[in-house]
Protein chains: 2
Amino acid sequence: MAPGETDASGLTADVDVTEEGVREQGVSPRRIPQATVVRLPTYRRLLEEFGRSGLSTISSEMLAAAAHMNAAKVRKDLSLLGSFGTRGSGYDRDFLIGQIDLALGLDRVWPVVIVGMGNLGRALANSTRFAGQNFEVVAMLDADPDLVGQEVANGVIRPFGELGAIASSRPLAIGVVTTPADVAQDVADQLVAAGVHSLLVFAPRVIDVPRGVMVRYVDLGIELQVMSFYQSRRERQGEDHDMAVLGSVGLAGPPGD
Amino acid sequence: MAPGETDASGLTADVDVTEEGVREQGVSPRRIPQATVVRLPTYRRLLEEFGRSGLSTISSEMLAAAAHMNAAKVRKDLSLLGSFGTRGSGYDRDFLIGQIDLALGLDRVWPVVIVGMGNLGRALANSTRFAGQNFEVVAMLDADPDLVGQEVANGVIRPFGELGAIASSRPLAIGVVTTPADVAQDVADQLVAAGVHSLLVFAPRVIDVPRGVMVRYVDLGIELQVMSFYQSRRERQGEDHDMAVLGSVGLAGPPGD
DNA sequence: GTGTGTGAACTTGTTCACAGCG
DNA sequence: CGCTGTGAACAAGTTCACACAC
């Protein structure tokens, strides 16, 4: 196969993606498909970058070129947020960023808990993405007594057992699970009990959650195996296929051509 | 929306997923859609786990329940590899694992290079997934002189400038980019020049690659923003939606219901 | 009877192509 | 005339439902 770009995620592990509960209730402009939701952050980032170049108006064609995708897709995605473009010129950068933020819920700060402070948990805690504008790491937990008490990023690692206490002193929205696979389900259960409704799981394990709780998986093993698949194809067949881009986090596609 | 499960990836960032170059050439049994490729590693892992429970025959229903998905999907996916099931009983675990390995190219070891040995690069180098059976980290590079020479996992960090030399002494297949975003494109260019045909990019940046090179993205920022989207929906609307599971690495879906 | 393999229906996502606004 | 917004065509992915093999 020629490598093309994939879109991403790769590992859709799941099930049950019902779109209920959500249907128009005044607030939501329109139903936004998941495929679009996943692309909005990329558009947002590119708009920021264009801004640094001094551009204040950006066309779907420019965004599409920068994101390596089809302009019609960009327009369709953006039109789901409302009709913000100006025919003949394009979209006003600042206004569009504001609208994307509104759609993504980036008009507030979400409290995040990270459970499992090994190498990966630490890397995430130090990431600007986690410590950024809209997300605040309110707790870093681990069951290992040797790790408890250590300073990481701007805080200290606390015992996993304190989760309940932390949850009663302040609301928690997102839980990041960077523990070994064998305890991931138990950790997830306790996070859900603590009020977390969104889980980002790095452990290679399918997690059971009650309805209403969202789970997204980031699985490095799957990523590598997907690459192995395309790489072995390329070697089996002649060279020069055309691979493109795939995305894990939902970005990218399989090496198509 | 009720949280459902998503499938994942979330961030499909890409483009160009052409399926050329690949079409049937004797070796490939049949065309395997990307959606299936991404799920094969999960089936493989679940089969391993069932094996530990002593089961030697597994039905699509069992796999589906464990993976939180539809049994018909499991059967359709597996049937693309060939007709390995036995009607009335199910699939022979060991044989099926072998067939999945064959399809995924896990019958050999792929040389991996990691560029950017900050927290994340180190976490990956220490990961069993990277140091596992089918992947071998043959080089850990960084441009920072302070990091060069440090021991990580089973090796030592070398200067990024040595990439070319390393590539001429042994073939490289997969490149992992865990550098800051501003140098990611340059690093990718050099990896491609060194013969790498698959890139796993953690930097929040769209990467340009020539045809034939596959890029998959893992973007934590996108993951968090996708969670923010569904979380803010849930709060805007009544509670109790039904979210499910989404996958980043391609596993999971949007919180549907 | 049990569970696979698969055509057909359906749903989701992408691309085209063009009407129409600025 | 340029670029958005969008219906309509298309492609990909999922689920159903059932014939058939064991």
Side-chain angles (χ1 to χ4, degrees), chain A residues 4-19 29-39 57-65 67-92 95-96 244 247 250 253-254 256, chain B residues 4-19 29-39 57-65 67-92 95-96 244 247 250 253-254 256:
Chain A
E5 321 201 357
T6 352
D7 104 347
S9 286
L11 317 166
T12 294
D14 262 340
V15 196
D16 275 286
V17 175
T18 309
E19 246 323 311
R30 228 164 285 210
R31 231 225 103 214
I32 301 182
Q34 140 157 233
T36 295
V37 173
V38 169
R39 286 188 295 260
T57 300
I58 284 106
S59 69
S60 60
E61 199 64 66
M62 295 168 69
L63 264 179
H68 288 181
M69 62 173 70
N70 187 296
K73 198 198 281 187
V74 173
R75 290 199 297 278
K76 189 149 271 189
D77 282 341
L78 297 181
S79 73
L80 292 170
L81 310 185
S83 286
F84 305 139
T86 304
R87 294 171 190 226
S89 59
Y91 301 87
D92 178 77
F95 185 74
L96 187 52
Chain B
E5 322 203 357
T6 353
D7 100 353
S9 291
L11 319 162
T12 295
D14 264 336
V15 196
D16 273 289
V17 173
T18 309
E19 246 324 309
R30 227 167 282 215
R31 233 226 99 215
I32 301 182
Q34 140 157 236
T36 295
V37 173
V38 169
R39 285 187 295 259
T57 299
I58 283 105
S59 69
S60 60
E61 199 63 66
M62 294 168 70
L63 266 179
H68 286 180
M69 62 175 68
N70 186 296
K73 197 198 281 186
V74 172
R75 290 199 299 277
K76 188 148 270 187
D77 282 341
L78 298 180
S79 72
L80 292 169
L81 309 184
S83 287
F84 307 138
T86 304
R87 297 176 189 222
S89 59
Y91 302 87
D92 178 77
F95 183 75
L96 187 53

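Please read all numbers here as calculations on a predicted model, not as lab measurements. Just so we're on the same page: letters track the sequence lines, and every chain starts at 1.
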Figure out the [atom1]/[atom2] separation between [X] and [N], and round it to whole Å.
X	N	atom1	atom2	result
Arg31(A)	dT11(C)	CZ	P	13 Å
Lys73(B)	dA12(D)	NZ	P	17 Å
Gln34(B)	dA11(D)	CD	C1'	14 Å
Leu78(A)	dT14(C)	CG	C1'	15 Å
Phe84(B)	dC22(D)	CZ	C1'	18 Å
Met62(A)	dC3(D)	CE	P	10 Å
Met69(A)	dG13(C)	CE	C1'	12 Å
Asn70(A)	dT6(D)	CG	P	17 Å

* Residue whose nearest DNA chain D nucleotide is more 5′ - Glu61(A) or Pro33(B) -> Glu61(A)
* With DNA chain D as reference, determine whether Ser59(A) or Asp77(B) sits nearer its 5' end, using the nearest nucleotide of each. => Ser59(A)
* Asked: What nucleic acid atoms does Gly88(A) come within less than 4.0 Å of, heavy atoms only: base, sugar-phosphate, or nothing?
  -> base
* Tell me what Ser60(B) touches on the nucleic acid: a base, only sugar-phosphate, or nothing, going by heavy atoms under 4.0 Å. =>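 Touches sugar-phosphate only.
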* By side-chain contact (heavy atoms from CB on, under 4.5 Å), which residues pair with Thr57(B), not counting sequence neighbours? -> Ser89(B)
Closest to the [X] side chain, choosing from [options]:
X	options	answer
Ser79(B)	dC16(D), dG5(C), dT14(D)	dG5(C)
Ala72(B)	dG5(D), dA17(D), dT14(D)	dA17(D)
Arg39(B)	dT4(D), dA17(D), dT14(D)	dT14(D)

Enumerate donor-acceptor pairs with a distance under 3.5 Å from any side-chain N or O in residues 76-83 of chain A to protein atoms, sequence neighbours excluded.
| from | atom 1 | to | atom 2 | distance (Å) |
| --- | --- | --- | --- | --- |
| Asp77(A) | OD1 | Thr36(A) | OG1 | 2.6 |
| Asp77(A) | OD1 | Arg39(A) | NH2 | 3.0 |
| Asp77(A) | OD2 | Arg39(A) | NE | 2.7 |
| Asp77(A) | OD2 | Arg39(A) | NH2 | 3.3 |
| Asp77(A) | OD2 | Tyr43(A) | OH | 2.5 |
| Ser79(A) | OG | Arg75(A) | O | 3.4 |
| Ser79(A) | OG | Lys76(A) | O | 2.9 |

* Can you tell me if the side-chain N/O atoms of Tyr91(B) get under 4.0 Å from OP1 or OP2 in dC22(D)? ->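 Negative; the distance criterion is not met.
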* Asked: Which heavy atom of Phe84(B) sits nearest a heavy atom of Tyr91(B), and at what distance?
  -> C-CD2, 4.0 Å
Could you write out each protein N or O paired with an N or O of nucleotides 18-20 of chain D at a distance under 3.5 Å?
| from | atom 1 | to | atom 2 | distance (Å) |
| --- | --- | --- | --- | --- |
| dC20(D) | O2 | Arg87(B) | NH1 | 2.9 |

Give each protein N/O atom lying under 3.5 Å from an N/O atom of nucleotides 8-10 of chain C, with the pair distance.
| from | atom 1 | to | atom 2 | distance (Å) |
| --- | --- | --- | --- | --- |
| dA8(C) | N6 | Lys76(B) | NZ | 3.1 |

